[in-house]
Amino acid sequence: MPGLPDEIAFLIRHGVSMARLQRIAARAARIGVDPASEAIASGLVGETAFYRALAAELGLPFCDDELSLRAGGDLNAILGQGIAPVAMPGSGIRLVLAPTGPALRRMLAGGPHLRNDIVVTTPSLFAAALRRANSRVLASRIAGLGLERQSARTGISRGQYVTAGCCIGPTSFFGTLAPLETILLMMLLAGPFFLAVIFLRLAAVFEPPPVEAWRRIPWQVDDGRLPVYTVAVPLFREEKVLPKLIKALAALDYPAAKLDIRLLVEEHDHGLRQALARCDLPPNVAVMVVPRGRPQTKPRALNLALLEARGEIFTIYDAEDVPDPLQLRLAAAQFLRSPKDLACLQARLVIDNGGDGWLQSLFALEYAGLFDVLNPGLLRLRLPIMLGGTSNHFRTSALREVGGWDAWNVTEDADIGLRLLRAGYRMDDLPSRTLEEAPDSFSSWLKQRIRWNKGYVQTLISHLRDPLALLREAGRGPTCAFLALALGGMVSSLLYPAFAVAVAAAALDGSLFAAGKSFGDVATVMAGAVTLSGSLALLAAPTLGAVRRRAFGLLKYLPLLPVYYALVSVASWLALVEYARAPFRWNKTEHGMARTSRYSGTP
């Protein structure tokens with residue numbers, strides 16, 4: 001039709017008005033997407049209806065059932081071309097078409113095909129059929145992606161075993177001869193790790209808040225300049241939060257045709273797959289079935305999304321997340337106005353159900369300190385942070401350059417941040433909020449914290465196989481900061497109770513304040529200094545974070561933070577045990593259990 005692109009002009013003959021198609025064509029040209037994508041994403045015509053009309057236009061049969069395609073080939077190239085042979089041509093069907101973009105224009109320009117051995121299907125069914133046909137290859141690829149040198153799968157190296165033996169052997173020997181002196185010596189040696197963590201935390205606390213700097217960054221970008229955005233949401237047994245998730249995704253303020261949303265579902269999660277089949281999902285939301293394989297982890301599912309991602313920017317949300325509707329626009333604007341070495345933005349995670357109990361309130365305090373104080377402060381000092389597992393926004397090209405996520409690391413966020421750093425990229429803060437849900441019980445909290453701490457152990461082991469390479473690639477300052485955060489944080493967490501008990505005992509018998517020059521006195525003074533300064537550092541960030549979030553009701557829980565960190569220490573010891581027994585086990589956190597909501601209005 002005159003004045004209309006070929007990709008949508010034929011829809012006039014299938015009941016769509018000229019005026020509506022002209023509006024779609026004008027908007028597609030303005031925001032820089034192809035007209036067919038805009039027609040489907042806007043809801044003018046459903047995907048099935050569009051491709052049924054296309055099949056009629058080409059004089060070909062239409063198929064909306066499951067298809068069996070031939071395995072092999074470059075999946076991305078096949079998806080781009082929108083054509084693939086069937087697995088058994090003896091059925092009378094030889095080829096399947098599901099063209100998009102330029103391939104759709106070429107196919108329409110070629111005129112009617114009028115053949116019975118070619119069928120048309122939708123891109124969603126076409127992509128799903130390709131994944132099924134290549135499930136074994138995909139399962140292997142998303143579990144590895146060439147990360148053997150830095151993968152948690154490799155485990156502890158021979159050199160690390162030797163180093164550990166050289167440390168543990170003499171310690172055990174002298175521990176039997178002089179147990180008290182050995183313990184005191186270990187406390188003295190652990191002191192620098194505590195002090196490194198304390199120094200970093202206090203340095204971040206004293207950094208000014210970034211609000212004024214952020215206000216100077218113009219974030220309102222015309223829709224035509226916005227890049228395509230891939231949003232990956234890994235799901236496993238998340239039926240309870242599906243309505244909340246779909247509502248949160250639908251609320252995202254971003255051009256629908258530029259949103260590539262992918263819900264990642266495990267193949268054997270039949271309950272969730274059935275629940276999704278009953279949902280009325282937006283046109284830009286695709287369900288990707290992750291093929292069976294080991295390990296069954298979140299990063300393995302994310303690798304599948306990365307293989308097919310259409311977006312220049314890639315972000316992750318957890319099932320229970322409620323991101324600020326403007327978050328994608330804010331992140332896109334910051335990427336557009338930043339050098340290419342900016343690879344990752346970490347948004348601020350906010351615990352929404354702090355009113356559920358004392359544990360959830362302490363969790364909310366911890367998150368307030370981490371995401372509103374420590375992370376922004378460290379990033380302004382040009383130091384790395386331990387990324388959160390959600391609401392981190394990446395340049396897709398950078399993710400692909402470093403090989404995607406380590407599927408065997410159960411705290412994949414910490415690992416991917418360090419690998420980006422080693423590749424020459426940097427991270428920054430994104431002052432945008434994402435509401436999260438704290439675990440509903442102590443047992444759920446403990447399992448989650450064990451997984452996190454086990455992942456930190458995996459990350460340390462993976463990246464310290466060659467310490468000199470880490471130092472050369474990441475640089476001295478970032479390497480020291482990483483070691484302070486990961487190794488120092490783990491050591492201080494493990495030994496926190498010992499320091500606290502030693503200080504309490506010394507205070508009770510008066511030796512803490514008594515002048516002395518013995519080895520025990522020096523260790524006691526060191527323990528006292530570390531414990532007191534550490535307490536200040538542990539309390540300062542959550543206090544300031546609660547004030548910045550105006551969550552003043554959380555401040556009454558500050559006296560319980562020492563107890564909370566003692567529980568974190570228990571989780572750290574249990575993480576070491578689990579690493580030895582089941583290094584790749586993923587402790588699932590159940591969502592949808594929150595009883596209150598501070599930020600979204602539920603009393």
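Under the 4.5 Å side-chain criterion, counting only non-hydrogen atoms from C-beta, Val350 is not in contact with Glu436. The side-chain heavy atoms of Arg262 and Val233, taken from C-beta on, include no pair separated by under 4.5 Å. Side-chain atoms of Ile351 and Leu435, non-hydrogen and from C-beta on, never get closer than 4.5 Å to each other. Contact of the Pro323 side chain with the Leu252 side chain is registered, since non-hydrogen atoms from C-beta on lie closer than 4.5 Å. Looking at Asp415 and Glu412, their side chains never come closer than 4.5 Å, going by heavy atoms from C-beta outward. Looking at heavy atoms from C-beta onward, Asp321 lies out of side-chain contact with Glu437 at the 4.5 angstrom threshold. Side chains of Val373 and Arg548 form a contact here, defined as non-hydrogen atoms less than 4.5 Å apart. Side-chain atoms of Leu365 and Thr543, non-hydrogen and from C-beta on, never get closer than 4.5 Å to each other.
Within 6.0 Å of atom CZ in Phe442, more than 12 heavy atoms from other residues, nucleotides or ligands are found, so the atom counts as buried in its surroundings. Within a 6.0 Å radius of NZ in Lys447, no more than 12 heavy atoms belonging to other residues, nucleotides or ligands are found.
Ser444 and Glu590 share no side-chain donor-acceptor pair at under 3.5 Å. Side-chain contact annotation: Gln327 with Tyr317, donor-acceptor N/O pair under 3.5 Å present. For Ser338 and Asp428, the side-chain atoms include no donor-acceptor pair closer than 3.5 Å. Side-chain contact, Gln296 with His268: a donor N or O sits under 3.5 Å from an acceptor N or O.
Checked for salt-bridge contact, Asp372 and Arg549 meet the test: a charged N lies under 4.0 Å from a carboxylate O. The pair Glu238-Lys244 does not count as a salt bridge, with every side-chain nitrogen at least 4.0 angstrom from each carboxylate oxygen. Ion pairing between a basic and an acidic side chain is recognised when a charged N comes within 4.0 Å of a carboxylate O; Arg585 and Glu578 show such pairing. Salt-bridge check for Asp429 with Arg348: passed, with a basic side-chain N closer than 4.0 Å to an acidic carboxylate O. Using a 4.0 Å cut-off between a side-chain N of Lys or Arg and a carboxylate O of Asp or Glu, Glu473 and Arg419 do not qualify as a salt bridge.
With ring centers used as reference points, Tyr564 lies under 6.0 Å from Trp445. Under the 6.0 Å cut-off for aromatic ring centres, Phe314 and Trp405 qualify, their centroids lying closer than that.
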Derivation and outcome, side-chain hydrogen bond (donor to acceptor under 3.5 Å, both in side chains), residues Thr596 and Asn353: CA-CA 5 Å; Thr596 63; Asn353 62 324; 5.9 Å; no
Pair Arg329-Asp253, salt bridge (charged side-chain N to carboxylate O under 4.0 Å, His left out): steps then yes or no: CA-CA 7 Å; Arg329 285 185 179 270; Asp253 182 357; 3.2 Å; yes
Residue pair Arg433, Leu349: steps toward the side-chain contact (heavy atoms from CB on, under 4.5 Å) verdict: CA-CA 6 Å; Arg433 185 175 68 182; Leu349 307 183; over 6 Å; no
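Results of the side-chain contact (heavy atoms from CB on, under 4.5 Å) test with Phe394 over Thr230, Leu387, Thr315 single out Leu387 as the only residue that passes.
By the ring pair (Phe, Tyr, Trp, His ring centres under 6.0 Å) test, His463 is found to be paired with no residue, residues two or more places apart in sequence or in another chain being considered.
Under the 3.5 Å distance criterion, the side-chain polar atoms of Thr297 are matched with a main-chain donor or acceptor of Ala407. A donor-acceptor pair under 3.5 Å is absent between the side-chain atoms of Asp318 and the main chain of Glu320, judged by distance alone. A distance-only check finds a donor-acceptor pair linking the side chain of Gln458 to the backbone of Pro583 [under 3.5 Å]. Ser572 places no side-chain N or O within donor-acceptor distance of the main-chain N or O of Leu494, the cut-off being under 3.5 Å. Counting only distance, with no hydrogens or angles, the side chain of Lys454 and the backbone of Ala582 share a donor-acceptor pair below 3.5 Å. A donor-acceptor pair under 3.5 Å links the side-chain atoms of Arg595 to the main chain of Asp356, judged by distance alone. Within the 3.5 Å criterion, the main-chain N or O of Ala347 finds no donor-acceptor partner in the side chain of Ser432. A distance-only check finds a donor-acceptor pair linking the side chain of Arg465 to the backbone of Gly155 [under 3.5 Å]. No side-chain donor-acceptor contact under 3.5 Å links Ser569 to the backbone of Tyr565.
Rounded to the nearest 0.5 Å, atoms CZ (Arg422) and CG (Leu471) are 10.0 Å apart.
The cationic atom of Arg451 (NZ for Lys, CZ for Arg) lies less than 6.0 Å from the six-membered ring centre of Trp586 and within 45° of the ring axis.
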